[in-house]
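Structure first, commentary second.
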Amino acid sequence: MSSRQLRGAFARCLQRVLAVGLSLSFILPPVVAQDGNAAKASQDNRVRKANYELASRWTTAKVGKMVFDASVAPHWLETGDKFWYSYETSQGRKFWLVDPLRKSKSPLFDSAKMAAQLTQLTRIPYDAQHLPLNSVRMTKKDSALQFDVSVPRDAEIPGVKKEEPPAAAGQGRGQQNRAGQDGGGQDAEAGPAGGTRTRTIYFEYDLATAQLKLLPDYQPPRKARWASISPDEKTIVFARGQNLFFMDAENYAKALKKDDDPTIVETQLTTDGEENYSYARRLREEEKRPYRFSEKNKTPRVPAITVYWAKDSRKFSVLRNDQRKVAELWVINSLASPRPALESYRYGMPGEVNQPQADLEVFDIASKARVKIKEDRFQDQQVAVYTARVTNAERERARGIQVDRSGEQQDQQQQGGGPQGSGVEPKWLADGSDKLYFSRTSRDLHKIDVCVADTTTGDVKTLIEERLNTYVELKPLWLVNNGQELIHWSERDGWGHYYLFDANGTLKNQITAGEFYSDSIESLDEKTRTLYFTANGREAGEDPYYEHFYSINLNGSGVKLLDPGDSSHAVAVSDSGKYFVDNSSRVNCAPESALYDQLGNRLMQLESTD
């Protein structure tokens with residue numbers, strides 16, 4: 001027997017001995033040398049009861065009472081680069097107005113006087129530290145504040161008609177989620193019989209005169225849950241049955257007042273929609289209740305699949321998935337009432353032959369014509385429409401509109417996406433309606449094409465091809481000068497970076513480069529040809545997961561760190577790109593918030609968490 005064979009036999013023998021010893025350690029009781037050690041071992045091995053009281057101290061609700069705001073969420077004004085924000089500490093919540101140009105921060109209003117005026121108007125005592133202002137937003141070209149306050153339902157407010165509690169649960173439209181001071185969400189207090197113990201009244205505060213006014217008859221702008229509204233607000237698209245319809249703004253106003261008004265005029269756009277190849281968004285049974293399904297009305301207005309609007313409102317596109325051959329996936333809805341229910345929907349599993357087939361279609365509002373985009377290339381491909389970035393101004397306007405989004409979260413694969421989280425209708429990337437930018441991805445996720453379609457003919461041009469032997473990722477496409485150049489993110493050199501292409505998809509140069517990860521584009525200055533982006537892992541000696549904010553020229557030169565500091569950073573950039581708020585934090589330091597300009601100059605510290 002050779003020395004190698006001897007070593008192998010010895011190793012196998014040793015393994016057997018160790019295995020037997022380990023087995024005996026689980027079977028035989030431990031030998032305790034002293035009685036004290038035996039008692040301690042017995043105590044450690046006893047069954048412990050769950051300490052629910054201790055665990056309850058660390059629930060979100062209780063910890064939230066001890067931890068206040070840790071970051072600044074700026075609300076940029078429509079008329080300039082000023083912004084307001086609210087910030088809560090142990091001393092209460094304060095509202096601030098910041099002027100970056102003057103590097104100043106001042107109270108948005110006098111909290112004590114605001115509390116006094118609220119008390120006078122409602123006859124409900126309020127204090128300056130805990131103002132119950134919800135859905136605060138600027139109006140009238142940033143000259144006034146509008147907000148609402150929840151008051152007891154039986155409170156007698158001078159000038160406001162007293163409301164009677166609802167007779168039973170489920171009657172009426174239901175209470176919209178209250179927005180909180182910065183537009184968050186908390187439900188109104190539930191009361192008996194399914195009603196609420198509170199109601200909402202609205203106020204307007206004039207910034208120039210510091211006078212608060214009650215708005216007794218104010219009704220906030222509403223958006224029907226079934227409506228997709230064009231950017232010019234003149235066309236509203238929705239679905240009935242399995243097909244697309246639209247109406248104009250005049251008839252939409254009628255529908256908001258009385259859903260079944262017989263004088264409402266609708267126009268049908270399609271007739272070929274069918275189950276599992278539909279223009280309507282799939283609704284579960286419990287989601288159908290608000291849409292008034294009945295024996296007399298089996299096809300009420302319902303949300304369409306995601307509608308992508310051209311910025312000029314002349315056209316829109318949809319992604320319709322053909323799932324007629326896809327097998328069903330069965331699930332149990334454990335929240336169904338009164339008992340869990342067995343449900344199914346079409347879902348393509350890995351390895352199955354039949355997969356959803358995406359059709360990209362464009363509709364012309366004026367002619368009512370439909371154009372099928374010739375996007376086919378890969379078998380069982382996935383298609384996604386590139387959309388324009390949502391601006392701060394759009395997001396602020398959307399905060400003032402009441403819209404019920406409950407029950408409309410849909411599976412991306414099955415329905416081509418759900419409503420955007422910002423509440424803003426998704427729009428095409430190009431400024432006009434003649435070009436539609438989209439991507440198509442192969443089933444194995446190794447091939448992605450960046451394409452542009454002629455929305456009149458349906459012809460498609462492939463601009464950029466991404467090919468990897470591993471999973472290919474994508475980030476939003478950016479246009480320079482409305483498509484004369486393209487900024488595209490790729491991992492073609494092994495790192496995630498941005499590249500500059502011309503309008504035909506010819507590579508001009510790599511913008512970011514190096515052994516770090518370029519993440520999201522936050523702003524683009526086309527005049528100075530400067531790109532502002534976030535990245536990870538570029539700063540030596542820092543945790544590579546710490547994110548930073550940078551600027552770089554489109555030719556790839558002049559990369560600059562704008563928010564230094566060995567922390568994780570999150571930025572909120574103004575629409576002009578001139579200023580940004582930086583919230584920085586790390587596990588062993590208190591979070592800080594500061595204001596910077598586009599050159600990386602620190603203008604002022606905003607807040608530091610207590």
Side-chain angles (χ1 to χ4, degrees), residues 72-86 95 97-98 100 108 133-148 176-185 200 202-207 213 215 218-238 248-250 252-253 255-256 303 306-313 316 387-406 408 418-429 431 476 522-523 572-581:
V72 168
H75 298 268
W76 302 93
L77 272 57
E78 183 180 359
T79 56
D81 287 314
K82 295 180 182 179
F83 64 91
W84 69 269
Y85 71 93
S86 68
F95 294 78
L97 179 65
V98 179
L108 185 59
L133 312 187
N134 300 316
S135 305
V136 180
R137 64 188 186 94
M138 289 285 187
T139 60
K140 298 182 177 179
K141 297 295 182 181
D142 300 329
S143 64
L145 281 177
Q146 193 175 94
F147 58 87
D148 60 68
Q176 182 210 15
N177 286 349
R178 286 275 39 90
Q181 282 82 354
D182 280 348
T200 301
Y202 298 88
F203 297 88
E204 183 178 271
Y205 178 82
D206 188 282
L207 293 173
K213 180 173 63 175
L215 305 176
Y218 177 77
Q219 292 293 329
R222 285 201 304 118
K223 179 181 177 183
R225 68 180 69 205
W226 44 261
S228 175
I229 304 176
S230 62
D232 64 5
E233 300 183 350
K234 294 181 179 179
T235 307
I236 293 82
V237 172
F238 57 96
D248 60 23
E250 181 181 351
Y252 178 59
L256 287 176
T306 303
V307 174
Y308 302 89
W309 287 97
K311 292 180 181 178
D312 61 11
S313 300
F316 69 88
T387 57
R389 183 170 183 252
V390 177
T391 65
N392 294 311
E394 290 174 327
R395 193 176 290 108
E396 286 296 307
R397 284 194 293 270
R399 289 179 62 243
I401 299 175
Q402 282 190 352
V403 55
D404 190 345
R405 292 295 192 186
S406 61
E408 294 186 9
Q420 305 299 298
S422 63
V424 179
E425 302 285 356
K427 296 187 291 294
W428 295 3
L429 194 58
D431 288 340
E522 298 296 330
S523 182
V573 185
S574 65
D575 285 341
S576 68
K578 294 180 180 179
Y579 305 98
F580 66 93
V581 172

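Just so you know, these numbers use all the heavy atoms, side chains as well, and skip hydrogens, waters and symmetry mates.
- The two residues Pro221 and Gly400 have their closest heavy-atom pair at CD-O, 3.4 Å.
- Between the CH2 atom of Trp428 and the CH2 atom of Trp309 there is a distance of 10.0 Å, given to the nearest 0.5 Å.
- The shortest non-hydrogen separation linking Pro220 to Tyr202 is CG-OH, 3.3 Å.
- Looking at residues two or more places apart in sequence or on another chain, you find a side chain to side chain contact (heavy atoms under 4.5 Å, CB included) between Glu396 and His75, Arg399.
- Of all heavy-atom pairs between Leu108 and Leu207, the closest is O-CD2, 3.8 Å.
- Here CG of Leu215 is found 6.0 Å from CD of Gln146. Values are rounded to the nearest 0.5 Å.
- In terms of heavy-atom proximity, Ala310 sits nearest to Pro231 at O-CG, 3.6 Å.
- A donor-acceptor contact shorter than 3.5 Å is absent between the side chain of Tyr252 and the backbone of Glu233.
- Annotation: side chain of Arg389 is in contact with side chain of Glu522 (closest heavy-atom distance under 4.5 Å).
- Here CE of Met138 is found 10.5 Å from OH of Tyr205. Values are rounded to the nearest 0.5 Å.
- No side-chain N or O of Glu204 forms a donor-acceptor pair with one of Tyr218 less than 3.5 Å apart.
- When side chains are defined from C-beta on, Phe316 does not count as touching Ser230, because their heavy atoms never get closer than 4.5 Å.
- Residues satisfying the salt bridge (Lys or Arg N to Asp or Glu O under 4.0 Å) criterion with Lys234, sequence neighbours excluded, are absent altogether.
- Using a distance-only test at 3.5 Å, with no hydrogens or angles considered, no donor-acceptor pair links the side chain of Asp148 to the main chain of Thr200.
- A donor-acceptor pair under 3.5 Å is formed between the side chain of Asn392 and the backbone N or O of Val573.
- Interatomic distance, CG of Leu97 versus CG of Leu77, reported as 6.5 Å (0.5 Å rounding).
- Taking all atoms of both residues into account, the shortest heavy-atom contact from Ala73 to Tyr85 is O-CB, 3.6 Å.
- With hydrogens and angles disregarded, no donor-acceptor distance shorter than 3.5 Å links the side chain of Thr387 to the backbone of Pro426.
- Scanning both residues, Trp84 and Val136, for their nearest heavy atoms gives CZ2-O, 3.3 Å.
- If you take CG on Asp206 and NZ on Lys213, they are separated by 8.0 Å, rounding to the nearest 0.5 Å.
- Taking the side-chain hydrogen bond (donor to acceptor under 3.5 Å, both in side chains) definition, one finds that Ser576 meets it with Asp81, Ser574, sequence neighbours left out.
- Taking a 6.0 Å sphere around NZ of Lys311, one finds it holds more than 12 heavy atoms contributed by other residues, nucleotides or ligands.
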Please report the C-alpha distance between Val581 and Trp76 in whole Å, then the side-chain angles of each, then the deciding distance to 0.1 Å, and finally whether the side chain to side chain contact (heavy atoms under 4.5 Å, CB included) criterion is met. CA-CA 11 Å; Val581 172; Trp76 302 93; 4.3 Å; yes
After noting the C-alpha distance and the side-chain angles of Phe95 and Leu133, does the key distance pass the side chain to side chain contact (heavy atoms under 4.5 Å, CB included) rule? CA-CA 10 Å; Phe95 294 78; Leu133 312 187; 4.1 Å; yes
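- The distance from atom CZ of Phe147 to atom CZ of Phe203, rounded to the nearest 0.5 Å, is 6.0 Å.
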